[in-house]
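Below is one structure, written out as structure tokens; comments come after it.
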Amino acid sequence: MIKAAEAGAAVMKSYFEGNFTISNKEGINNLVTEADHASEKAIFDVIRADYPDHYLLSEEAGEIVMDSEYKWIIDPIDGTVNFANGIPLCCVSIGLEKDGKMILGAVYNPFINEFFFAQHGFGATLNSKIIHVSEEADLMSACLVTGFPYTYLETPNGPLEIFAKLIRKGIPVRRLGSAAMDLCWVAAGRFDGFYEHKLSAWDSAAGFLIVEEAGGKITDYKGDYYSPYQPHILATNGKIHDDLLAVINNKKQL
Ligand code: IPD
Ligand code: CA
Ligand code: CA
């Protein structure tokens with residue numbers, strides 16, 4: 001996994017300052033670049049060299065279904081809009097499931113040289129040093145991060161309403177543009193919580209395990225144990241979890 005993340009990140013970096021083709025996917029400004037495909041290929045090549053019969057799920061290639069207990073869940077560039085604009089907040093994200101349970105996760109941003117890694121039951125690391133979530137217990141003093149879907153969902157109590165509620169009360173809510181990094185930065189204690197309304201499995205597979213192994217809590221918006229195969233995510237240090245969940249569900253006034 002480490003070799004695969006390094007290979008993808010090296011390709012991403014090699015494209016960063018040069019010219020690359022950019023095209024649009026579903027929604028507005030939901031971009032895919034030549035570098036996304038090239039990074040994905042480099043990651044696949046490393047994995048397939050050792051594990052040719054493993055199942056692959058990757059953002060650009062889709063599902064490569066294999067009869068295997070192992071499934072690699074790959075985002076070849078998380079933060080593509082940042083990447084396409086020359087903003088070095090983007091990374092490679094790779095999770096590995098065994099029998100439907102996440103057992104390994106790696107998130108690598110080569111621009112700021114941050115490699116996050118977790119193995120189930122063994123803790124989470126940033127550049128090989130153990131990391132922990134923050135200790136902040138008061139939502140009013142928390143520093144949060146979120147993201148917005150490419151296709152804005154016109155649902156009541158949607159992402160912009162929740163964002164407004166928090167911001168109006170003076171709670172800082174950042175928006176980095178990479179869900180994998182958002183999760184890792186919760187794991188490292190930089191943010192106290194992260195929520196987003198519409199993620200895909202490749203955005204969160206690795207980061208979800210990294211937060212959990214760093215002592216954090218991750219649920220869906222019902223408060224149930226998180227699955228990367230549904231859209232909602234709330235990942236926190238655990239201490240502000242219930243309060244933030246109540247705000248998201250409109251059950252608590254700030
Ligand atoms: C996106 C980023 C972004 C999040 C979007 C994701 P992409 O992934 O993680 O932060 O808000 O929901 O789709 O398209 O850059 O791989
Ligand atoms: Ca992504
Ligand atoms: Ca991506």
Side-chain angles (χ1 to χ4, degrees), residues 4-5 8-9 11-13 15-16 20-44 56-63 72-95 105-111 114 116 144-153 155 158-160 162-163 173-187 190-191 193-211 218 220-221 226 228-235 248:
V11 168
M12 170 170 76
K13 214 174 164 189
Y15 277 88
F16 191 66
F20 46 82
T21 56
I22 306 179
S23 36
N24 236 299
K25 300 199 284 189
E26 181 208 0
I28 297 164
N29 288 320
N30 182 4
L31 308 179
V32 60
T33 73
E34 225 181 313
D36 295 75
H37 291 289
S39 166
E40 184 171 70
K41 183 178 178 312
I43 295 165
F44 278 17
L56 303 174
L57 167 63
S58 185
E59 178 166 16
E60 311 310 336
E63 277 195 291
W72 298 76
I73 307 174
I74 300 155
D75 196 338
I77 299 183
D78 185 57
T80 293
V81 173
N82 286 344
F83 177 83
N85 287 284
I87 300 165
L89 293 178
C90 40
C91 58
V92 170
S93 170
I94 309 178
V107 172
Y108 183 26
N109 177 335
F111 303 105
E114 292 200 338
F116 292 89
L144 306 177
V145 65
T146 191
F148 299 91
Y150 290 111
T151 332
Y152 179 67
L153 303 170
T155 47
L160 285 178
I162 292 163
F163 185 64
V173 187
R174 301 309 192 222
R175 200 274 204 238
L176 300 186
S178 159
M181 282 182 52
D182 296 337
L183 285 163
C184 289
W185 288 23
V186 170
R190 294 171 183 165
F191 294 124
F194 164 64
Y195 66 92
E196 190 161 346
H197 286 63
K198 197 182 172 199
L199 286 188
S200 299
W202 45 79
D203 300 312
S204 62
F208 146 52
L209 183 66
I210 293 167
V211 170
I218 312 207
D220 60 20
Y221 285 179
Y226 180 70
Y229 301 102
Q230 59 76 52
H232 302 141
I233 189 166
L234 174 60
I248 289 171

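One-based numbering, in listed order, for ligands and for the atoms of each.
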Suppose I only count heavy atoms of [X] and a 4.0 Å limit; which atoms of ligand 1 are within that range?
{"X": "Ser178", "value": "9 (O), 10 (O)"}
{"X": "Glu59", "value": "16 (O)"}
{"X": "Thr80", "value": "15 (O)"}
{"X": "Phe148", "value": "11 (O)"}

**Test of proximity, Ile77 against ligand 1: N or O pairs below 3.5 Å** = yes
**Request:** Kindly confirm or rule out an N or O of Gly79 lying under 3.5 angstrom from an N or O of ligand 1.
**Result:** yes
Heavy-atom pairs closer than 4.0 Å: do any link ligand 1 to the side chain of [X], the backbone, both, or neither?
{"X": "Ala179", "answer": "both"}
{"X": "Asp203", "answer": "side chain"}
{"X": "Asp75", "answer": "side chain"}
{"X": "Leu199", "answer": "side chain"}

Where is the tightest heavy-atom contact between [X] and [Y], given as atom of each residue plus distance?
{"X": "Met181", "Y": "Cys91", "result": "CG-SG, 3.8 Å"}
{"X": "Leu183", "Y": "Val211", "result": "O-CG2, 3.1 Å"}
{"X": "Ile22", "Y": "Ala84", "result": "CD1-CB, 3.9 Å"}
{"X": "His37", "Y": "Val32", "result": "NE2-CG2, 3.6 Å"}

Students should be able to answer this: which protein heavy-atom is nearest to [atom], and at what distance?
{"atom": "atom 4 (C) of ligand 1", "answer": "Glu196 OE2, 3.2 Å"}
{"atom": "atom 8 (O) of ligand 1", "answer": "Asp78 OD1, 3.1 Å"}
{"atom": "atom 13 (O) of ligand 1", "answer": "Tyr150 CE1, 3.4 Å"}
{"atom": "atom 3 (C) of ligand 1", "answer": "Gly177 O, 3.6 Å"}

**Between Thr146 and Glu196: side-chain donor-acceptor atoms closer than 3.5 Å** = no
**Request:** Verify the distance criterion only: is there a donor paired with an acceptor across the side chains of Ser204 and Tyr226 at less than 3.5 Å?
**Result:** yes
**Prompt:** How are the rings of Phe16 and Phe111 set to each other: parallel, tilted or perpendicular (split at 30° and 60°)?
**Reply:** tilted
**Request:** Taking side chain to side chain contact (heavy atoms under 4.5 Å, CB included) as the test, write out the residues that go with Cys184, two or more places apart.
**Result:** Val107, Phe116, Ile210
**Request:** Flag the pair Pro76 / Glu59 as yes when at least one side-chain heavy-atom distance between them is below 4.5 Å, and no otherwise.
**Result:** yes
**Request:** Please tell me if the side chains of Ile233 and Ile218 come closer than 4.5 Å, counting only heavy atoms from C-beta onward.
**Result:** yes
**Prompt:** Of Thr80, Asn109, Asp78, Asn82, which is the lone residue that meets side-chain hydrogen bond (donor to acceptor under 3.5 Å, both in side chains) with Ser178?
**Reply:** Asp78
**Within-3.0 Å protein N/O/S contacts of the Ca ion (ligand 2)** = Asp75 OD2, Asp78 OD1, Asp203 OD1
**Message:** So, applying side-chain contact (heavy atoms from CB on, under 4.5 Å) with Tyr195, which one of Asp182, Val173, Val145 is it?
**Reply:** Val173
**Message:** Taking CZ in Arg190 as the centre, count heavy atoms belonging to other residues, nucleotides or ligands within less than 6.0 Å. Is the count above 12?
**Reply:** yes
